[in-house]
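Each residue takes its place number in the sequence, starting with 1.
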Amino acid sequence: MNPILFDISALDPALLPGLSALSEDYGFALSEGEGLPLRARLWEEGRLTVTLEKAGAVICHHTKNAFFRGFSLLLEELRAGKGEAFLEEIPQFDENGAMFDVSQGNALLKVSAVKELLRRMAMMGLNLLMLYCEDSYTVEEEPYFGYMRGRYTEEELRECDDYADQFGIEMVPCIQTLGHLTDVLKWPAFSELREDHETLFVGGEKTYVFIEHLIRAASRPFRSKRIHIGMDEAWHLGRGRYLDEHGVVPVEDIMQRHLERVMEIVRGLGLEPMMWSDMFFRALCSDGGYYSADESRLRQVAARAPKDVSMVYWDYYHFDEAFYSRYINLHRAFGEPVFAGGIWTWTGFGPNWGMTFATTHPALESCKKLGVRRVFATIWGDHGTECNVWANLLGLSLFAEHGWARAFDEDKFRRRFEFCCGARYEDFYALRLLDEIPGCSEGNLKQCNASKYLLWQDPLMGLFDYHCKGLPLGEHYDKLAALFREASERNGRYNSLFRFYACLADALAIKAELGLRLTDAYRSGDREALRGLAGEELPRLLERVEALRRCHRQNWFRIHKAMGWDVMDMRYGSLLIRLRSAMEQTEEYLEGRLERLEELEEERRSFNGSEGPVSYANWYGRIVSASRIAPEA
């Protein structure tokens, strides 16, 4: 690819650092006096235009971030051989970006990975990035906060913020100040702050000293005066220590008192907060849920909420626009909401594009129609962050293209993804097939995550074998392995992603049906088949799992900080030793040194009481054994 040369002598110097940072990835060069003249015009109206003529190119933009969206459109036209063009886009949102969870799966993105992510987001035209940190940042006064789990230093976060600012991308701290603090509160140093194992004790003075330490540390590295203070899913609020000391108090009252105290801290630091809205809505739901609020009490609850905190309505579960519209309007009782959708990569190794697309399209259409101006995509890391982070790029592009067009254009979405990421749409879209196995519901809207439970389940006890009967899973994963090996040669910077998934499919091509084959051979008395499984198939699978572990490890250390890989090593270590045990036990049985293979005599039953592929089996401890794998697991 020959570099395109731009004459930037008439360009605002504030735009040059960002262009320079993008030049290597996108194959262009900057010069003063040579090349295609590039000019930019800043205007107040929310409209982006790109004009390409023989005399040069002009990008008219309303924000720095919009300039980089415009530049990517221009570069795409030039790469296509165009000599003249006029493009116009109307931004649908003032704020559109992503939140990456780096805590729950203990998968901290390296600074270099954050920078790569920011470059892709800049070209897509996304202007917000949050790193969701439960305990993944340094708090000087609290040495046990994030202890031995990996955490960002203030300098690292400031470096990320400086880099983002080059592209007009705002980085906003995103933390927790009530629940979701299991990995903090487990330490004896925080015993006086506990309501229960994951929730802070509301009302205790030491609680608010602690929260102030968190908010100061989290906000200090960033230019932004905004902060996300969390406060979602505090399931046991008022049911632990608070109940012992104060008796039964309505959850909404406890929530109100806590929020008032946190808001005092936030206001004192001159910050502008947002928070997840669900705890307010759960107070209005008789079942403790989020999406069945009693509207008759809504105004009463909303009237008590502070007006200077924005409520974030999160929803990645509904498929009809009418539901999103209703809930957006309900949120407006608290003020203008922020909407958070989801890129479904948190249920295991593969992305669920069916759920991502089926929920994002109606959600963002509703936001556009109702004038919601701030949206972002959540990328959670539940239970291990097994999905490669770069798989999310397709979902980010989906949010970006919705954000720059009133009517979503499928062809443009595919084209823009391929240009901004230097990768093939069809290959990234095919990653859904890791979990869309034969027998799966159309589009995987029931959230089957087969690749996770088929890899980690025990080879002898096979808790999910019941659900694999009659399914050609080996054939399915064999074909996927071949597809991903081909993809690993044609996706540029993301070839390593497909090498990892080729290794995963290779392992599953044997392991998916292994338990059934062992059980059938044993129960039918087919000693020759058992001998083949123990002497050939299991050793071959061991080699493939070890190859998968090595490839996964290489990808992890390229993208993430080291702490967190220990969890994955433990999972692979357990799998490898259990495969060896399966070999040894089978061989001992065949040699007459073991009377029975007791695990294979157990009747295989449904894992969840239902037929067909299992949905949302996302807890490793439940996948690998029916027993507790650790005292508190």
> In this structure, are over 12 heavy atoms from other groups packed under 6.0 Å from K469 atom NZ?
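Yes - once you tally the heavy atoms of other residues, nucleotides and ligands closer than 6.0 Å, there are more than 12.
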> State plainly whether the residues R415 and E418 are in salt-bridge range, i.e. N to O under 4.0 Å.
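Here R415 does not pair with E418 in a salt bridge, since their nearest N and O are not under 4.0 Å apart.
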> Please name all residues satisfying side chain to side chain donor-acceptor pair (under 3.5 Å) with Q447, sequence neighbours left out, ordered by chain then number.
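Applying side chain to side chain donor-acceptor pair (under 3.5 Å) to Q447 gives none.
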> Between R549 and D569, is there a salt bridge with N-O shorter than 4.0 Å?
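Salt bridge between D569 and R549, a charged N being under 4.0 Å from a carboxylate O: yes.
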> Has R374 got its NZ or CZ under 6.0 Å from the middle of the six-membered ring of F376, at an angle within 45 degrees of the ring axis?
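No, R374 does not sit over the ring of F376.
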> Begin from the C-alpha positions of E89 and K412 and carry the test salt bridge (charged side-chain N to carboxylate O under 4.0 Å, His left out) through to its verdict.
CA-CA 12 Å; E89 292 185 336; K412 185 177 180 182; 2.4 Å; yes
> Determine all donor-acceptor pairs shorter than 3.5 Å in which one atom belongs to a side chain in residues 121-131; sequence neighbours excluded.
residue: N127; atom: OD1; partner: N96; partner atom: N; Å: 2.8
residue: N127; atom: ND2; partner: D94; partner atom: O; Å: 2.9

> When you compare the side chain of P351 with that of W344, does any pair of heavy atoms fall below 4.5 Å?
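W344 vs P351: side chains apart.
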> Not counting sequence neighbours, which residues clear side chain to side chain donor-acceptor pair (under 3.5 Å) with E410? List them please.
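Checked E410 against side chain to side chain donor-acceptor pair (under 3.5 Å); matches are R414.
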> Checking H318 against Y291 for the side chain to side chain donor-acceptor pair (under 3.5 Å) test, could you report, in this order, the C-alpha distance in whole Å, the side-chain angles of both residues, the deciding distance, and whether it holds?
CA-CA 10 Å; H318 294 96; Y291 303 113; 5.5 Å; no
> Is any NZ, NE, NH1 or NH2 atom of the basic residue among E436 and K446 found under 4.0 Å from an Asp or Glu carboxylate oxygen of the other?
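Salt bridge flag = no for K446 with E436.
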> Can you tell me which residue pairs pass the salt bridge (Lys or Arg N to Asp or Glu O under 4.0 Å) test with a partner in residues 309-322, sequence neighbours excluded?
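Checked against salt bridge (Lys or Arg N to Asp or Glu O under 4.0 Å) - neighbours excluded - the pairs reaching residues 309-322 are E321-K369.
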> Kindly write out the residues that satisfy side chain to side chain contact (heavy atoms under 4.5 Å, CB included) with R558, not counting sequence neighbours, or none if the list is empty.
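Only S496, Q554, N555 meet the side chain to side chain contact (heavy atoms under 4.5 Å, CB included) criterion with R558.
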> With sequence neighbours left out, which residue pairs that include part of residues 349-364 fulfil the salt bridge (Lys or Arg N to Asp or Glu O under 4.0 Å) condition?
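Listed once each, the pairs would be none.
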> What class does the angle between the rings of Y425 and F413 fall in, given that below 30° is parallel, 30 to 60° is tilted and above 60° is perpendicular?
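Ring orientation of Y425 relative to F413: perpendicular.
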> Using a cut-off of 6.0 Å, state whether more than 12 heavy atoms not belonging to R239 lie near its atom CZ.
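Counting neighbours around CZ of R239, 12 or fewer heavy atoms of other residues, nucleotides or ligands fall under 6.0 Å, so no.
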> Quick check: closest heavy atoms across A507 and L541, and the distance to 0.1 Å?
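In this case the closest contact between A507 and L541 is O-CD1, 3.4 Å.
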> Applying side chain to side chain donor-acceptor pair (under 3.5 Å), can you list everything that pairs with R282, at least two apart in sequence or on another chain?
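Expected list: D278.
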> Once side chain to side chain contact (heavy atoms under 4.5 Å, CB included) is applied, do any residues pair with C468, and if so which ones, sequence neighbours excluded?
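For C468, the residues satisfying side chain to side chain contact (heavy atoms under 4.5 Å, CB included) (neighbours in sequence not counted) are L454, L473, L516.
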> Between the side chain of N392 and the main-chain N/O of G395, is any donor-acceptor distance below 3.5 Å?
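No.
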> Identify whether the distance between the nearest side-chain nitrogen and carboxylate oxygen of E252 and R297 falls below 4.0 Å.
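Judged by the 4.0 Å cut-off on N to carboxylate O distance, E252 and R297 do form a salt bridge.
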> Excluding sequence neighbours, so at least two apart, what forms side chain to side chain contact (heavy atoms under 4.5 Å, CB included) with N495?
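With neighbours one apart ignored, the set is N491, R499.
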> Just distance, no hydrogens or angles: give the donor-acceptor pairs under 3.5 Å from side chains in residues 619-627, sequence neighbours left out.
residue: W619; atom: NE1; partner: H383; partner atom: NE2; Å: 3.2
residue: S625; atom: OG; partner: S627; partner atom: N; Å: 2.9

> For a quick test of reading the model, state the closest non-hydrogen atom pair linking R326 to A293 and the distance between them.
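Looking at all heavy atoms of both residues, the shortest contact is NH2-O, 3.9 Å.
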> Going by the rule side chain to side chain donor-acceptor pair (under 3.5 Å), which residues pair with S296 if we only count those two or more places apart in sequence or in a different chain?
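In terms of side chain to side chain donor-acceptor pair (under 3.5 Å), with neighbours along the sequence ignored, S296 is linked to D294.
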> Look at atom CD of E426 and say whether more than 12 heavy atoms of other residues, nucleotides or ligands are closer to it than 6.0 Å.
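Correct, the count exceeds 12.
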> Using a strict threshold of under 4.0 Å (side-chain N to carboxylate O), is an ion pair present between R226 and E95?
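Salt bridge: yes.
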> Parallel under 30°, tilted from 30 to 60°, perpendicular over 60°: which one fits the rings of F339 and Y324?
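The arrangement is perpendicular - the two ring planes meet at more than 60°.
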> Please list, chain by chain and in numerical order, all residues satisfying ring pair (Phe, Tyr, Trp, His ring centres under 6.0 Å) with W556, sequence neighbours excluded.
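For W556, the residues satisfying ring pair (Phe, Tyr, Trp, His ring centres under 6.0 Å) (neighbours in sequence not counted) are H560, W565.
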